[in-house]
Amino acid sequence: MEQQWDTREQEFHDTVREYLIALIFFGILYAASYAIINYFKKQPHKDDYYIENEEDAMVYRIALWISTFTLAVSMGAVLLLPISILSNEILLWYPNSYLLQWLNGSLIHGLWNQIFLFSNLSLFVLMPFAYFLTESEGFAGSKKGIKARVYETFVVLLMLALLVFGIVWVLSAFLDNDQSSREALVKAGTSYLPYLYSYMSLLGVLLLLISTPLGFTRMFSVIGKLVVKPQFMENIEEDFHSARFEEEDLKRKLEDKNKKKENGTPPRVHLRNGHTSTPPNTHLNGGSELRQRLAEVQRERQVLDRRRKASSWQRNVGYPLLWILMFLLTVLCLFIVGWNVLRMLFGVGYLPVSIKEEGLGKVSLSMLGWFGALIETMLILYFMLASVVGLYGVPFVGRMIPHWQDTSMTKVIVNCLVLLILSSALPVLSRILGVTNYDLMGEFGQLDWLENFYLIFGYNILFGALTSSCLLNKFTSMVRQKIMERVTDQLDKVRKQSHISRPLSWHRERVNGPS
């Protein structure tokens with residue numbers, strides 16, 4: 001009896017410890033997410049959804065809390081595989097450490113299940129609720145207030161849930177022709193969220209198929225804007241002083257225009273008949289052009305000032321090393337995808353479904369040991385970074401790019417929703433492409449479409465082809481541009497010579513006569 005009680009007590013303490021660690025983990029992610037959203041969102045008094053009354057303020061705060069929670073879940077989904085891989089290697093190095101008793105397979109498995117649960121909750125309940133709440137005003141004829149807006153939001157969510165449930169029922173009936181409509185309804189009702197999340201994860205993987213190859217190419221342009229480039233055949237000091245003088249000149253012209261406008265002495269234009277006239281909108285057009293040019297010069301001057309103040313190590317060492325690191329990671333991604341395709345083609349590889357594990361900390365899942373685990377972690381994080389950069393490079397998605405202190409709450413909600421879809425599909429993508437051999441734990445490994453060999457094989461082929469074409473287009477664009485310029489120059493020279501030779505031959509025929 002005492003032994004039984006000790007076992008139950010130990011299980012209770014282990015469960016409390018795991019929940020406490022998970023709470024601390026999500027608390028850190030929530031604080032980081034709040035800091036990120038607070039950096040980009042508009043100030044409350046400038047946002048359209050925040051007017052000077054308690055009702056709008058409460059709606060604004062609820063939408064902010066839900067968006068912060070969703071972004072925290074997205075960050076947790078991104079860190080799932082890196083934490084699991086590194087935890088396995090740490091337990092291999094220190095299997096009997098007293099300080100690492102809290103790190104075990106039960107804790108990691110619990111984190112996977114909690115991320116899956118919170119992803120479903122945020123994707124299908126919280127984010128639609130936040131969006132409809134900010135757009136709601138209460139039903140016509142009802143008393144205005146926060147209760148009326150919440151009531152309208154719940155009614156709209158219920159109608160949306162019924163619509164989506166009907167779509168899931170129809171899809172389940174079409175995919176399973178052998179079962180009756182009642183069985184299809186029961187299946188759709190019992191596996192509603194997992195079935196729907198399966199298709200949402202497929203949508204996320206398809207988005208990653210588009211955004212990640214684009215992100216690989218755009219990353220080289222992005223670091224050129226964020227990191228100071230080396231100075232080759234450039235005089236930064238001269239360019240900086242030139243930009244500063246032009247900025248001062250534009251400011252002086254704007255001050256003169258403003259003074260003339262205040263004094264009521266607009267510029268006069270002399271007409272041909274001797275009279276003078278004032279052109280319409282002279283101050284408006286000229287002032288707007290000057291302000292636009294002044295903003296461009298100020299941005300250019302700030303960039304030059306940043307390059308001027310950068311140290312020689314940052315210019316000549318930092319940028320080349322970062323560029324080489326990104327290039328090596330991109331080439332390594334292509335190599336891993338190609339190797340995974342060959343393994344699947346010759347039957348050596350396997351589908352990314354959950355298989356029986358040896359247990360956390362029992363065997364290394366990388367042929368290179370801890371070094372391979374670090375490379376896998378870097379590749380997974382690089383995949384996520386490239387996918388975000390590539391997604392915001394798509395023209396119709398570029399309008400949703402958050403800006404510092406100038407992002408409305410609607411844009412915050414949409415960005416958090418998109419990031420949640422991408423981050424939830426990241427573990428599945430990493431397993432599909434063969435970046436890691438770590439099994440997808442929990443419900444992530446139970447997705448139905450992961451058992452389709454042709455889908456997984458075709459995805460690897462498409463990903464490798466799109467990434468290769470994007471990189472070739474990126475690194476050969478300058479060469480192709482120079483070749484086209486040379487070809488057009490030669491064609492122009494030939495055309496000019498033919499135009500010159502024709503009049504000369506015609507003149508000789510007129511003088512000498514036809515032969």
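What you see is a predicted model, and the numbers here were worked out from it, not measured in a lab. These values consider heavy atoms only, across backbone and side chains, with no hydrogens, waters or symmetry-generated copies.
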K.L.:
Take atom OH of Tyr151 as the centre, draw a 6.0 Å sphere, and report whether it contains more than 12 heavy atoms from other residues, nucleotides or ligands.
P.N.:
no

K.L.:
Flag the pair Phe383 / Leu329 as yes when at least one side-chain heavy-atom distance between them is below 4.5 Å, and no otherwise.
P.N.:
no

K.L.:
With rounding to the nearest 0.5 angstrom, report the CG to CD distance, Leu381 to Glu376.
P.N.:
12.0 Å

K.L.:
If I take atom CD1 from residue Ile66 and atom CG from residue Leu126, how far apart are they, to the nearest 0.5 angstrom?
P.N.:
5.5 Å

K.L.:
For residues Val205 and Tyr459, report the shortest heavy-atom separation together with the two atoms involved.
P.N.:
O-OH, 2.7 Å

K.L.:
Identify which one of Tyr30, Phe26, Phe124 satisfies the ring-ring contact (aromatic ring centres under 6.0 Å, His included) criterion when paired with Phe118.
P.N.:
Phe26

K.L.:
Between Leu208 and Ser387, which heavy-atom pair has the shortest distance, and what is it?
P.N.:
CD2-CB, 3.4 Å

K.L.:
For the pair Phe154 and Phe129, name the ring-plane relationship: parallel under 30°, tilted 30 to 60°, perpendicular over 60°.
P.N.:
tilted

K.L.:
Counting only N and O atoms by type, is there a donor-acceptor contact under 3.5 Å from the side chain of Ser67 to the main-chain atoms of Leu64?
P.N.:
no

K.L.:
Can you name the closest pair of heavy atoms from Thr70 and Cys416 and give their distance?
P.N.:
CG2-O, 3.9 Å

K.L.:
Could you state the interatomic distance from CG (Leu391) to OG (Ser211), rounded to the nearest 0.5 Å?
P.N.:
5.5 Å

K.L.:
Rounded to the nearest 0.5 Å, what separation is found between the OG1 atom of Thr212 and the CG atom of Leu429?
P.N.:
6.0 Å

K.L.:
If you compare all heavy atoms of Met127 against all heavy atoms of Ile413, which two are closest, and at what distance to 0.1 Å?
P.N.:
CE-O, 3.2 Å

K.L.:
Test ring-ring contact (aromatic ring centres under 6.0 Å, His included) on Phe327 and Trp323; report intermediate values, then the result.
P.N.:
CA-CA 6 Å; Phe327 182 76; Trp323 196 95; 5.6 Å; yes

K.L.:
Answer yes or no: is there a donor N or O on one side and an acceptor on the other, between the side chain of Ser33 and the main chain of Ala72, under 3.5 Å?
P.N.:
yes

K.L.:
Distance-only, no hydrogens or angles: does the Asn460 side chain make a donor-acceptor pair with backbone N or O of Gly338 under 3.5 Å?
P.N.:
no

K.L.:
Could you report the tightest heavy-atom contact between Arg218 and Val389, atom names first, then the distance?
P.N.:
NH1-O, 2.8 Å

K.L.:
Closest heavy-atom contact between Pro128 and Ser122?
P.N.:
CD-O, 4.0 Å

K.L.:
To the nearest 0.5 angstrom, please state how far the CD atom of Glu18 sits from the CG atom of Leu20.
P.N.:
11.0 Å

K.L.:
Do side-chain atoms of Asn415 reach the backbone of Ile401 as a donor and acceptor pair under 3.5 angstrom?
P.N.:
no

K.L.:
Quick one: pull up CG in Leu379 and CG in Leu81 and give me the separation to the nearest 0.5 Å.
P.N.:
12.0 Å

K.L.:
Answer yes or no: does atom CH2 of Trp370 have more than 12 heavy-atom neighbours from other residues, nucleotides or ligands under 6.0 Å?
P.N.:
no

